[in-house]
Amino acid sequence: MIEQGTPSDIFAVVLAGGKGTRMKSNRAKVLHTLCGVPMVNYAIQAIRPLVPESLFVVVGHQSELVEAVLPDDAQPVLQKEQLGTGDAVRVALEAIEEEEGILLVVNGDGPLISPGTLGELVERHRSAGVGATVLVAELPDPSGLGRVAEDAGVVRIVEEREATEAERRINLVNLGLYAFDLAEIRDALGRLEANNSQGELYLTDALEIIGRRSRAVTYRLKNLEEANLVNDRAHLARAEEIIRRRILDEHMRAGVTVRDPASTHIEATVEIGRDTVIFPGTFLRGETSIGSDCVIGPSADLLDTAVGDGALVEHSVGRGAEIGAGANVGPYAYLRPGTVLGKKAKVGAYCEVKNTRVGDGSKVPHLSYVGDAEIGEGANLGAGTITANYDGVNKNRTVIGDGAFTGVNTNLIAPVTIGDGAYLGAGSVVTHDIPPGKLAFGMPARVIRDSPNKKAKSSIGKDADKPEMEG
Ligand code: UD1
Ligand code: CA
């Protein structure tokens, strides 16, 4: 019997150094994302409850890119040459000084493995008092995976490439998750030979070595969904679909209505408040957060966008935008980075807004481009109002005051300021600042007389709920 360590004696290694040839990709396999999260991070998340410290990740192929996505509590270990899974674990062991304990090894390409399963694997390993325990499953289609034969304390794994006809018919497969006695695996790795078709050091051979010395056992996976390992892009899609459904289920159980789960894509990082309704064809990605009582979609595509309570976003795209509570976006609006919509603001059909603050209750209802601007509260931009923010060299700012009104087809040649309560006639081309409370029109627009909109200025904010003046 082997002395097993206490829980704090568990060390974990995620193998993420390989290329993933079967992905046919220029990107390392473990960098491919599932619902917005790189594959390698799923393995790390699954390990963390069990091994909060001493979590190592073997990186190799595109090591810098892989390191860049790792969380702070995962320590990268560089495998300079990808000489096989056995070599990868050997490299990781160089970073571990302790001589006693349990080494949990997790292939980085099993994004559905749960913390529960890892816990059970370690439990099984401890209670059996063996040198090595490997997670296995009986799959209807075992192709591509190592086949497992267990006999009297010895577990033998043969890779498909090296398997005989009879071995290929075995349906019991190696899922690439192992618990090892630390001293045993150290010793066994020193004895590995690359006498296989790949000329690699196979970690799986260590199981047989350990088995012969001090027994090895298998542990059978209970939930076969977790056996969705990713070796090619068809596997990737299958695994992502399961994760996507899980994310949706979680939101629905938390009080979000999802009208059509089949066409709704919500990444793992997204937050949504209760009583929000998500309509079909919607993509919520990155650091997007949605408040409660919102109506999102159909066909909303929001990336890194924050949406306040009670907002409405239909048929629109948001990128790094902030949408205030009760605001109304779309249909067919494009909110680019730096867009901040105030409470009950409106950006309507065929409008593009960039790096612009639209104040509370202000409206950009139709066919506008507004870039690098600051719009006060209760302003109304007529259809086709355009900020000419770029003179070919510089990006210039436009400031539009509280309660200001622009007629249809207004061109605002930045830098320019439209004063509070100013009123611009249709077709104005504004090249100079318009003082507050003045009416201007023409090309270029000249000040003519007092603005009829002066009244509006004194009631700014109060009439935010009223229907907009049509442009
Ligand atoms: C491995 C197992 C196989 C098992 C399968 C489960 C071996 C020899 N075979 O095969 O029995 O059924 O996993 O998925 O272990 N890696 C490195 N450095 C390397 C090589 C690989 O870090 O030098 C990493 C990879 O990035 C990957 C993991 O190890 O995350 C497994 O490597 P992979 O090439 O996918 O192994 P398989 O051929 O799938
Ligand atoms: Ca694999």
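What you see is a predicted model, and the numbers here were worked out from it, not measured in a lab. Counting begins at 1 with the first residue of the sequence. Numbering of ligands and ligand atoms starts at 1, following listing order.
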Student: So, regarding G84 and ligand 1 (criterion: nitrogen or oxygen to nitrogen or oxygen, under 3.5 Å), is there a contact or not?
Tutor: yes
Student: Between G144 and ligand 1, is there a nitrogen or oxygen pair with a distance under 3.5 Å?
Tutor: no
Student: Charged N to carboxylate O under 4.0 angstrom, R246 versus D249?
Tutor: no
Student: Relative to ligand 1, is N174 under 4.0 angstrom through side chain, backbone, both or neither, heavy atoms considered?
Tutor: both
Student: Have E322 and T305 got a donor and an acceptor in their side chains that come within less than 3.5 Å?
Tutor: no
Student: Out of L145, V134, L15, V89, whose heavy atom sits nearest atom 29 (O) of ligand 1?
Tutor: L15
Student: Would you check whether G108 has a nitrogen or oxygen atom less than 3.5 angstrom from a nitrogen or oxygen atom of ligand 1?
Tutor: yes
Student: Is the closest N or O pair between D109 and ligand 1 shorter than 3.5 Å?
Tutor: yes
Student: Counting heavy atoms only, which of Q79, R90, R161 comes nearest to atom 18 (N) of ligand 1?
Tutor: Q79
Student: Assess G60 for proximity to ligand 1: is some non-hydrogen atom of it under 4.0 Å away?
Tutor: no
Student: Ligand 1 versus R22, non-hydrogen atoms closer than 4.0 Å: side chain, backbone, both, neither?
Tutor: side chain
Student: Would one find an N or O of Y202, backbone or side chain, under 3.5 Å from an N or O of ligand 1?
Tutor: no
Student: Tell me whether D87 reaches ligand 1 (any heavy atom closer than 4.0 angstrom to a ligand atom).
Tutor: no
Student: Within ligand 1, which atoms have a heavy atom of A88 less than 4.0 Å away?
Tutor: 17 (C), 18 (N), 22 (O)
Student: Below 4.0 Å from any atom of ligand 1, is there a heavy atom belonging to H61?
Tutor: no
Student: Side-chain donor-acceptor pair under 3.5 Å between H32 and S25, yes or no?
Tutor: yes
Student: T204 versus ligand 1: do any nitrogen or oxygen atoms come within less than 3.5 Å of each other?
Tutor: no
Student: Less than 3.5 Å apart, any donor N or O on the side chain of N389 or T387 sitting next to an acceptor on the other?
Tutor: no
Student: My understanding is that only residues two or more places apart in sequence, or in another chain, count here; which of them pass salt bridge (Lys or Arg N to Asp or Glu O under 4.0 Å) with R191?
Tutor: D187
Student: Do the charged groups of E138 and R220 touch, with an N to O distance under 4.0 Å?
Tutor: yes
Student: Mark up the atoms of ligand 1 that fall under 4.0 Å of a heavy atom belonging to G17, in ascending order.
Tutor: 17 (C), 22 (O), 26 (O)
Student: Between R319 and D301, is there a salt bridge with N-O shorter than 4.0 Å?
Tutor: yes
Student: Is it the case that the side chain of T356 and the backbone of D372 share a donor-acceptor pair, with hydrogens and angles ignored and the cut-off at 3.5 Å?
Tutor: yes
Student: May I ask you to say whether E250 pairs ionically with R253, meaning some side-chain N is under 4.0 Å from a carboxylate O?
Tutor: no
Student: V30 versus ligand 1: do any nitrogen or oxygen atoms come within less than 3.5 Å of each other?
Tutor: no
Student: If you measure from the Lys or Arg side-chain nitrogens to the Asp or Glu carboxylate oxygens, is any gap between K222 and E120 under 4.0 Å?
Tutor: yes
